[in-house]
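Residue numbering restarts at 1 for every chain, and letters A, B, ... go by the order of the sequence lines.
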Protein chains: 2
Amino acid sequence: MEHSSQVLKGVLDMCLLAIIEEEPSYGYEMVDKLQEKGLELVSEGSIYPLLSRLQKKGYIQGYFVESQGGPPRKYYRIEAAGQEQLRRWAREWTRVSAGVEEVLNGGEREQTADA
Amino acid sequence: MEHSSQVLKGVLDMCLLAIIEEEPSYGYEMVDKLQEKGLELVSEGSIYPLLSRLQKKGYIQGYFVESQGGPPRKYYRIEAAGQEQLRRWAREWTRVSAGVEEVLNGGEREQTADA
DNA sequence: CATGATACCTTGCTACGAAAGGTACCCGGT
DNA sequence: ACCGGGTACCTTTCGTAGCAAGGTATCATG
């Protein structure tokens, strides 16, 4: 398995929430959007359980919309609880990713400040 | 479980490698160092299997050092292969974390450029 | 000698995405 | 009328990986 996909764990749900917040979307399309952002490692089957979980927790709400040229799409829109959760997760992500960055830079602070 | 610990998955090994590269260290101390950087979520038992795995792959090398006031410490130093792997993982991390950041910022590019 | 801190390691548990497979709809070609 | 292929959904099986908890050993202290 790709090492990077491991990083996605625990962040995928946050990403889905962020995508839906920007604009309601459906599963098949979200995979595309993630790929556009460089997260090309998400297999399609992975996100459906995630979406169900998010809905069960009241973060998002699904609804079907007919489409021409294919089966109906299940769009999801974000709920108030979802927005709050997204804020929390985003804060957490920022904190953790900053910590990782710090570990990576180690003691070499001199080159971080300025060239 | 904390959501943030999920994020650590797939990044912890990279962090350990980074810590050891900066300066040889032992398990008990690495947990402390991680906590200092804000990654307070790592339980001690988690990192020993990781260290063994890293050694098995030839990324690091362990050696015991006597200590006063406690049992001997198992220090690890980084190997050449480990340094290469660290570079690769770090590049991957940068790419993925940038992607996540982009998803989080969504379409709101205007506030990213400048205040 | 018992307690507690340091320091190592192991064993179940659970969570979560990957991979693969399955269903169904709709269009276009033959 | 039939079949292939793209769209779009969902489910099941599997492996990985950290967490939680527990176990062992060393050394200092009361």
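- Within the nucleic acid shown, B/I47 has no heavy atom closer than 4.0 Å to any nucleic acid atom.
- Comparing A/P72 and B/G45 against DNA chain C, the residue whose closest nucleotide sits nearer the 5' end is B/G45.
- Rounded to an integer number of Å, the gap from CD of B/E44 to P of C/dA7 is 10 Å.
- Taking atom OH of B/Y28 as the reference point, atom C1' of C/dG4 lies 11 Å away to the nearest angstrom.
- OP1 or OP2 of D/dA8 sits under 4.0 Å from a side-chain N or O of A/Y26.
- Atom P of nucleotide D/dA25 and atom CD of B/E66 are separated by 16 Å, given to the nearest angstrom.
- Computed from coordinates, the A/L51 CG to D/dC9 C1' distance equals 11 Å when rounded to whole Å.
- Note: B/Y59 and B/W89 have perpendicular aromatic rings, judged against thresholds of 30 and 60 degrees for the angle between ring planes.
- For the pair A/R73 and A/F64, the NZ or CZ position fails the cation-pi test of under 6.0 Å to the six-membered ring centre and within 45 degrees of the ring normal.
- For B/Y75 and C/dT6, the OH to P distance is 14 Å, given to the nearest whole Å.
- Rounded to a whole Å, the NZ atom of B/K74 is 12 Å from the C1' atom of C/dA7.
- Side-chain proximity of B/S67 to the nucleotides D/dC9, C/dA7, C/dC25 is greatest for C/dA7.
- A straight line from CZ of B/F64 to P of C/dT6 spans 19 Å, rounded to a whole angstrom.
- For A/Y48, whose side chain is taken as the heavy atoms from C-beta onward, the closest listed nucleotide among C/dA18, D/dC10, C/dA7 is D/dC10.
- Nearest-nucleotide mapping onto DNA chain C: of A/S46 and B/Q68, the residue sitting toward the 5' end is B/Q68.
- Residue B/L8 is out of contact with every strand shown, counting any heavy-atom pair closer than 4.0 Å.
- The existence of a salt bridge linking B/K33 and B/E23 is confirmed by a sub-4.0 Å separation between a basic side-chain nitrogen and an acidic carboxylate oxygen.
- Hydrophobic cluster membership is shared by A/L17 and A/Y48, with clusters built from Ile, Leu, Val, Met, Phe, Trp and Tyr side chains linked at under 4.5 angstrom.
- One finds a side-chain N or O of A/R53 lying less than 4.0 angstrom from the OP1 or OP2 phosphate oxygen of C/dG17.
- In terms of modelled atom types and a separation under 3.5 Å, the side chain of A/S67 and the main chain of A/P71 share a donor-acceptor contact.
- Here C/dA5 presents its P atom at 17 Å from CZ of B/R73, a figure rounded to the nearest Å.
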